A.B. asks: 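The following block contains the structure, expressed as structure tokens.
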There are 2 protein chains.
Amino acid sequence: MREKKLSRRERLKAGYCREILDAALELFTANGYHNVTMHQIAMKSEFSIGTLYNFFKNKEDLYHSLVLEKCKEYAGMQFRALQKDADVLERIREFLSNGIRFFLDNTSLIRIFIAETRGESFNLRSKLRNDARRVMNELDEKVASVMREGVQKKIFRRLDPVHLTLALQGLSEAFLFHWMDYPEAFPDGLQADMILDIFTRGSTAQTAAAGPAAGRG
Amino acid sequence: MREKKLSRRERLKAGYCREILDAALELFTANGYHNVTMHQIAMKSEFSIGTLYNFFKNKEDLYHSLVLEKCKEYAGMQFRALQKDADVLERIREFLSNGIRFFLDNTSLIRIFIAETRGESFNLRSKLRNDARRVMNELDEKVASVMREGVQKKIFRRLDPVHLTLALQGLSEAFLFHWMDYPEAFPDGLQADMILDIFTRGSTAQTAAAGPAAGRG
DNA sequence: ACAATTTGTGACGTATAGTTCACATACTGC
DNA sequence: GCAGTATGTGAACTATACGTCACAAATTGT
């Protein structure tokens, strides 16, 4: 039975909310938080200013809802990928290609993610750290648990799972950003395998070990 | 002969400029561009608003000067490190520890760098992309040239030098940010060797090759 | 069909912050 | 010491943008 006893009115309202969020997302990704006005969002979503404030407490709340929603969408997808019953490396590969696809679909959304997790949105951080960031941290922990499994199964070297997680994320971010700035540098598109290859095998030729430099203090 | 024929007045002026920039840097790194007012900068630097505008065209120009200066400082240092007459891996190791030290000294400056190169400072990007970013791009090319040398000398595998550069940067950024958020996760401090180790050797155990996953499409 | 209630509207209030400019002050050469 | 220039000052101007609220429109129940 339909537990979601949403009246027509409520469904309409939800739809309005969607439209506002979608309009806002486009504007925010294109211009950044501080360079988007509530008037612009009102214009684009074809509602009046007042209506925006019927749906969201204020601008920050709107932005916050937006980021949280996208974070949950991303984290949910990645969580399921890492949960699967497959080889460790296979799960990581899917994690990578999922991430690439997600940011390819939500193109410049990644700028907002970065702005939120690393950037200078200082005013907002306080709230976002406690919501969106919590979601992302949970995901990080899940990744780390897969890494730990990889270490236990001797697939990975005896490295801190958190470090492995950082490495994977750092690599993908760097490639994603470079791809965003110079798409022509990747004629075949951004491939998960390319990143996974560097992540797993590293940079050095397998015969020549990296002993000398790594052994220094 | 003193080519720098700076009058006492001019030296004074330069000193004033320094004080303003230093005050602004502290504020910007602590609060981000949009959350710092010219009034605050005036207060902290102990000058009047009007004086700021005698030195800088406007707020953006001030910020721009600041970032450009720091970029040049960073890039100059790293350029010299990469220029040295040493082993490829040794130069990269110095590049890494330089970077760590620089961001350790200029602690939260890295947030601004990231905000500039990746983040949401959309208004500013136009100008900064053409100055600060040019400096950073030159540095990237220098790093890539060292990577190319490494490939030629068979120290690295036959990988695109640009990809190697991206990998190195991605790794260091990820570790730096994690260190900033969770310094306790690195009881011995952030070591260049730790990053270099992952960069060179990758994640997988050397015996078990990463064949299966990397070979997939 | 009409009243009651809920929802949508956008002009306006208010606050903030970047920038200017007329004036004060300090310095320079005579 | 004094005219002339350069520099420093901060109150005031202006622009912008968030958020409100009295009113309008639409919807619901009777």
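Just so we're clear, the structure is a prediction, and the values are computed from it rather than from any experiment. To find a chain, count down the sequence lines: A is the first, B the second, and so on, and within it residues start at 1.
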A.B. asks: When the distance from CE of A:Met43 to P of C:dA11 is rounded to whole Å, what number comes out?
C.D. replies: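 So the CE-P distance, A:Met43 to C:dA11, works out to 13 Å.
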A.B. asks: So B:Phe56, base contact, sugar-phosphate only, or nothing? Heavy-atom distance under 4.0 Å.
C.D. replies: nothing
A.B. asks: Can you tell me if the side-chain N/O atoms of A:Thr37 get under 4.0 Å from OP1 or OP2 in D:dA17?
C.D. replies: no
A.B. asks: Without decimals, in angstroms, what is the distance between A:Glu60 CD and D:dC18 P?
C.D. replies: 12 Å
A.B. asks: Over how many whole Å does the gap from A:Leu27 atom CG to D:dC18 atom P extend?
C.D. replies: 12 Å
A.B. asks: From D:dG19, C:dT19, D:dG10, pick the nucleotide closest to the side chain of A:Tyr53?
C.D. replies: D:dG19
A.B. asks: What do you reckon, are the aromatic ring centroids of A:Phe103 and A:Tyr74 less than 6.0 Å apart?
C.D. replies: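 Under 6.0 Å, so yes.
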A.B. asks: Between atom NE2 in A:His34 and atom C1' in D:dT16, what is the gap in whole Å?
C.D. replies: 15 Å
A.B. asks: Rounded to whole Å, please give me the gap between CG in A:Leu52 and C1' in D:dC18.
C.D. replies: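 That distance rounds to 11 Å.
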A.B. asks: Hey, do the aromatic rings of A:Phe186 and B:His163 have their centres closer than 6.0 Å?
C.D. replies: yes
A.B. asks: Taking for each residue the nucleotide of DNA chain D bearing the nearest heavy atom, is the 5' side occupied by B:Lys13 or by B:Ile49?
C.D. replies: B:Lys13
A.B. asks: What integer distance in Å separates B:Glu19:CD from D:dG8:C1'?
C.D. replies: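 Result: 14 Å.
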A.B. asks: Looking at A:Arg91 and A:Glu94, does any basic side-chain N land under 4.0 Å from a carboxylate oxygen?
C.D. replies: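 Between A:Glu94 and A:Arg91 there is no salt bridge, as every charged N stays at least 4.0 Å from the carboxylate O atoms.
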A.B. asks: Grab the CG-P distance between A:Asp61 and D:dT20 for me, whole Å please.
C.D. replies: 12 Å
A.B. asks: How many whole angstroms separate atom NZ of A:Lys59 from atom C1' of C:dA15?
C.D. replies: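 In whole Å, C:dA15 C1' and A:Lys59 NZ are 15 Å from each other.
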A.B. asks: Decide, yes or no, whether a salt bridge links B:Lys72 with B:Glu69 under the criterion of side-chain N to carboxylate O below 4.0 Å.
C.D. replies: no
A.B. asks: Could you check if a side-chain atom of A:Tyr63 sits within less than 4.5 angstrom of a side-chain atom of A:Val67, using non-hydrogen atoms only?
C.D. replies: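 The answer is yes, as the side chains (C-beta and beyond) meet within the 4.5 Å cut-off.
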A.B. asks: Under 4.0 Å, counting only non-hydrogen atoms across every strand here, what does B:Asn54 touch: a base, just sugar-phosphate, or nothing?
C.D. replies: base
A.B. asks: Assuming nearest nucleotide by heavy-atom distance, tell me which of A:Phe47 and A:His39 is located more 5' along DNA chain C.
C.D. replies: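 Comparing both residues, the 5'-ward one is A:Phe47.
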A.B. asks: Please tell me if A:Thr51 has a side-chain N or O lying less than 4.0 Å from either OP1 or OP2 of C:dT9.
C.D. replies: yes
